[in-house]
Amino acid sequence: MGRHSRGERGSGTGRGGGVREERAAFAGDSHERSGIAQLAAQMIAEHGIGDWSLAKRKAARQLGLSERAALPGDDEIEAALLDYHAIFGGDAHRAVLRTKREEALVWMRRLAEFRPVLVGGVAGGWATEHSDVRLDLVADDAKAVELHLLNEGCEYRHAPTRRADDPVELWIDTRRTGIRLRVRTHREARQVPRRDRHGQEGQRLDAAAVAALLDAQPPTGDA
């Protein structure tokens, strides 16, 4: 027999039946992805799971779904974290976010010559108490950043990277949180930022934007 067309799924379904089946399958996949994203976000927020792939797989298993199911993207986890904080975070989450943004601004000002930009959860608002502060810096030689830190009397260590050609990452432990510095060359900094599947860029905030966010958010407990 020859190949079936898309509309020949099952006996007597016709093209309309095949389309309906595909739409039903898509709706089912979307519902499963949403459920996995919500549960994974809860695990990340409450238990500090840093490996989002692991959190997705654990969530799928707890929901009785195959780990090979259509797992949500990281952008879906970020959206689910925002929803989680909106429902359960309250003043505690706002205080955590403010503390991390204040610390980010301190280091952005200390590292101003390297054009720091705040990225990740602290910029996007979905950070948890376990999240670090992530700053992108620009320097053609990462040693310039290291020398600056040494001259400032700042202790740091190299953070592990996945590939040899990944940008250098440095880690600083502070009293209030951890600071992760990603050092990119000027050429890398000119590249178009990575977009999610909807074509949206992640939040990238300079020092002025972070200061404006803090000014717009009164300290927790104030009117």
Side-chain angles (χ1 to χ4, degrees), residues 40-41 43-58 71 73-75 77-78 81 93 96-196 201-211 213-214:
M43 293 177 177
I44 292 165
E46 296 181 358
H47 304 296
I49 297 178
D51 185 339
W52 285 16
S53 294
L54 173 62
K56 294 173 194 178
R57 295 195 302 272
K58 287 173 67 73
L71 296 178
D74 286 352
D75 58 317
I77 301 297
E78 292 172 9
L81 281 167
H93 175 250
V96 165
L97 197 57
R98 181 177 184 86
T99 294
K100 292 181 182 293
R101 285 174 172 170
E102 287 174 344
E103 191 74 358
L105 187 57
V106 168
W107 285 92
M108 294 174 84
R109 288 170 172 167
R110 293 183 70 172
L111 297 164
E113 66 183 86
F114 302 107
R115 294 163 46 193
V117 176
L118 178 64
V119 299
V122 179
W126 48 262
T128 74
E129 62 179 311
H130 310 284
S131 300
D132 50 31
V133 170
R134 301 198 169 202
L135 299 178
D136 277 359
L137 308 180
V138 180
D140 282 332
D141 186 352
K143 293 294 184 183
V145 177
E146 297 186 50
L147 181 60
H148 179 89
L149 293 174
L150 289 172
N151 289 337
E152 289 274 313
C154 301
E155 294 185 3
Y156 68 90
R157 65 179 185 272
H158 283 262
T161 54
R162 295 181 179 179
R163 300 186 302 270
D165 59 346
D166 281 345
V168 171
E169 293 194 354
L170 307 174
W171 178 273
I172 300 171
D173 286 307
T174 75
R175 180 175 56 85
R176 299 198 289 181
T177 189
I179 310 291
R180 184 182 291 265
L181 308 175
R182 182 174 66 165
V183 185
R184 302 184 300 159
T185 66
H186 286 81
R187 180 179 179 181
E188 290 168 339
R190 287 193 296 268
Q191 293 175 354
V192 177
R194 187 177 63 181
R195 298 173 183 267
D196 65 23
E201 296 179 11
Q203 286 274 22
R204 300 180 60 80
L205 307 178
D206 61 15
V210 176
L213 277 178
L214 291 170

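We use all heavy atoms of the structure for the numbers below, so side chains are in, but hydrogens, waters and symmetry mates are not. These figures come from a predicted structure and were not determined experimentally.
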> Taking NZ, NE, NH1 and NH2 as the nitrogens, is one of them in R182 or D166 under 4.0 Å from a carboxylate oxygen of the other?
Replying inline: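 No.
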
>> Could you work out, with salt bridge (Lys or Arg N to Asp or Glu O under 4.0 Å) as the rule, every residue matching R134, not counting sequence neighbours?
In response: D132

> Can you name the residues that form a salt bridge (Lys or Arg N to Asp or Glu O under 4.0 Å) with D141, not counting sequence neighbours?
Replying inline: none

> With no hydrogens and no angle check, is any side-chain donor or acceptor of H93 less than 3.5 Å from a backbone partner on A127?
Replying inline: yes

> Are the side chains of Q203 and V122 in touch, meaning some heavy atoms are under 4.5 Å apart?
Replying inline: no

> Less than 4.5 Å apart, any side-chain heavy atom of I179 and any of T174?
Replying inline: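 Touching, per the 4.5 Å side-chain cut-off.
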
>> Return the CG to CZ distance between L137 and R184, rounded to the nearest 0.5 Å.
In response: 9.0 Å

> Taking atom OG1 of T177 and atom NZ of K100, what is their separation to the nearest 0.5 Å?
Replying inline: 3.0 Å

>> Please list all pairs meeting salt bridge (Lys or Arg N to Asp or Glu O under 4.0 Å) that have one or both residues in residues 116-127, counting only residues at least two apart or in different chains.
In response: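 Passing the test, one end in residues 116-127: no pairs.
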
> With sequence neighbours excluded, what pairs up with R175 under the side chain to side chain donor-acceptor pair (under 3.5 Å) test?
Replying inline: none

> Between R157 and D173, does a salt bridge (Lys or Arg N to Asp or Glu O under 4.0 Å) hold up when you go through it step by step?
Replying inline: CA-CA 9 Å; R157 65 179 185 272; D173 286 307; 2.8 Å; yes

>> Filter on ring pair (Phe, Tyr, Trp, His ring centres under 6.0 Å), then keep only pairs touching residues 150-181, sequence neighbours left out; what's left?
In response: none

Which pairs of donor and acceptor atoms, one on a side chain in residues 104-121, lie under 3.5 Å apart (sequence neighbours left out)?
{"residue": "W107", "atom": "NE1", "partner": "E103", "partner atom": "OE2", "Å": "3.4"}
{"residue": "R110", "atom": "NE", "partner": "E152", "partner atom": "OE1", "Å": "3.4"}
{"residue": "R110", "atom": "NH2", "partner": "E152", "partner atom": "OE1", "Å": "3.1"}
{"residue": "E113", "atom": "OE1", "partner": "H148", "partner atom": "ND1", "Å": "3.3"}

